[in-house]
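No hydrogens, no waters, no symmetry mates; every other heavy atom, side chains included, goes into these values. Note that the structure is a prediction, hence the values are computed from the model and not measured.
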Amino acid sequence: MTDSIYDQLNAYGTVAKQRFVETFSGGVLDTDRWETENNYSTNTFQMVDEVDGGFKILNNASGSADGQIWFNGKDQFAHNGSVCITVAKAHTITGGGEMYIGLTNNTWVASGSVKSTAGIRATASAFFVQTNDQTTNTSTTTGVSKDTDWHTFRTELNGSSCVGTVDGTATTTKTSNMPISAMEPSMEIYDNAQEGRVRYFEVYNT
């Protein structure tokens, strides 16, 4: 007798924990999952017509333009026991622009306002591990300079720290301002004429 895929992937008698995987391989964004947000601007949300091009968010407006995809308040992932893995690139993050990719429980992550967050922030100069405890938003550099290449970003929350890794080698452990409530996947691009892309997004509870 052949076991089900569920039984092959999980120990007998256990219940699988919440897991989400998105490959951004279709012709359009899966709006049964994702909600698009235009914060103070009108942004372009679009699949990229290239091999493994993924999905892009492009700011069109001048000034503090902000575009985001998220689950619109469906916070399924634990602040004290979850892993987030993404393949993304800061396609044109320059000047005061930023890209955030990871977990949040609210919109407009770049503003640093009251919310729980844990993920990777790209500025014009470097990649950072960013967390927010719904009071204070802080970032710690990974030591990896920002470029426009595809990178694999991984963050792991264990209750006392957020461990961020870039391409499986550069690891940063952040212990301050840990998130305090459940969160959901999010990608956000901030400031005029900035563009970020993502082609893989996975989150699971540990």
Side-chain angles (χ1 to χ4, degrees), residues 9 18-39 41 43-60 65-72 74 76-77 82-94 97-104 107-110 117-130 142 144-157 162-172 183-191 193-205:
L9 296 176
Q18 188 81 6
R19 191 181 199 107
F20 153 79
V21 176
E22 173 69 77
T23 59
F24 299 97
S25 57
V28 295
L29 184 69
D30 182 357
T31 54
D32 288 332
R33 284 180 164 177
W34 297 100
E35 177 86 5
T36 59
E37 293 284 346
N38 286 296
N39 299 310
S41 63
N43 303 276
T44 297
F45 302 95
Q46 179 180 315
M47 292 292 182
V48 179
D49 189 15
E50 299 173 6
V51 176
D52 293 328
F55 178 81
K56 74 176 182 181
I57 303 176
L58 170 65
N59 294 141
N60 297 314
D66 184 272
Q68 180 187 14
I69 56 172
W70 70 315
F71 282 6
N72 196 27
K74 300 175 179 68
Q76 312 100 316
F77 298 102
S82 60
V83 173
C84 177
I85 303 169
T86 63
V87 179
K89 68 173 178 173
H91 191 69
T92 53
I93 303 300
T94 59
E98 296 183 4
M99 177 182 79
Y100 174 83
I101 189 161
L103 298 172
T104 188
T107 59
W108 205 14
V109 179
T117 62
I120 298 293
R121 180 170 68 95
T123 69
S125 60
F127 297 110
F128 295 78
V129 177
Q130 175 177 310
T142 64
V144 179
S145 297
K146 175 263 174 186
D147 56 27
T148 58
D149 297 332
W150 290 101
H151 292 283
T152 299
F153 302 114
R154 184 182 192 275
T155 54
E156 180 171 1
L157 291 163
C162 179
V163 180
T165 306
V166 181
D167 295 329
T169 54
T171 299
T172 302
M183 297 171 290
E184 64 195 75
S186 174
M187 179 180 177
E188 180 180 15
I189 307 300
Y190 174 75
D191 208 17
Q194 311 295 319
E195 180 182 335
R197 299 184 181 183
V198 57
R199 67 186 187 199
Y200 184 81
F201 211 133
E202 177 180 3
V203 188
Y204 59 90
N205 285 325

Exercise: identify the closest heavy-atom pair between [X] and [Y]:
X      : Y      : answer
Glu202 : Tyr200 : OE1-OH, 2.6 Å
Tyr100 : Gly119 : OH-N, 3.3 Å
Met187 : Arg197 : CE-N, 3.4 Å
Ala118 : Thr155 : O-OG1, 4.3 Å
Val28  : Met47  : O-CE, 3.3 Å
Asp149 : Lys89  : O-CB, 3.1 Å

What residues form a salt bridge (charged side-chain N to carboxylate O under 4.0 Å, His left out) with [X], not counting sequence neighbours?
X      : value
Glu35  : none
Arg154 : Glu156
Glu184 : none

Taking only residues two or more places apart in sequence, or in another chain, which ones meet [X] in a side chain to side chain donor-acceptor pair (under 3.5 Å)?
X      : result
Thr123 : Ser125
Tyr204 : none
Asn59  : Asn43
Asp147 : His151

Are [X] and [Y] packed together at the side-chain level, in the sense that at least one heavy-atom pair is separated by less than 4.5 angstrom?
X      : Y      : result
Cys84  : Phe153 : no
His91  : Lys56  : no
Thr152 : Ile85  : yes
Ile69  : Phe55  : yes
Gln194 : Met99  : no
Val203 : Leu103 : yes
Phe24  : Phe201 : yes

Measuring from atom [atom1] of [X] to atom [atom2] of [Y], what distance do you get when rounded to the nearest 0.5 angstrom?
X      : Y      : atom1 : atom2 : result
Tyr190 : Arg121 : OH    : CZ    : 11.5 Å
Asn205 : Leu157 : CG    : CG    : 10.0 Å
Arg19  : Gln76  : CZ    : CD    : 14.0 Å
Ile189 : Thr92  : CD1   : OG1   : 8.0 Å
Gln130 : Ile101 : CD    : CD1   : 12.5 Å

Partners of [X] by side-chain contact (heavy atoms from CB on, under 4.5 Å), sequence neighbours excluded?
X      : value
Lys146 : Ala90, Ile93, Phe127, Thr148
Thr172 : Val129, Thr140, Thr142
Ser186 : Gln68, Trp70, Thr104, Val109
Thr171 : Val163, Thr165

Output all residues satisfying ring-ring contact (aromatic ring centres under 6.0 Å, His included) with Phe71, sequence neighbours left out; order by chain, then residue number.
Phe20, Trp34
Working note: Glu188 + Asp66, criterion side chain to side chain contact (heavy atoms under 4.5 Å, CB included); need CA distance, chi angles, decisive distance, verdict.
CA-CA 7 Å; Glu188 180 180 15; Asp66 184 272; 2.3 Å; yes
Take atom CG of Asp49 as the centre, draw a 6.0 Å sphere, and report whether it contains more than 12 heavy atoms from other residues, nucleotides or ligands.
no
Between Leu29 and Thr36, is the side chain to side chain contact (heavy atoms under 4.5 Å, CB included) condition met? List the steps.
CA-CA 10 Å; Leu29 184 69; Thr36 59; 3.8 Å; yes
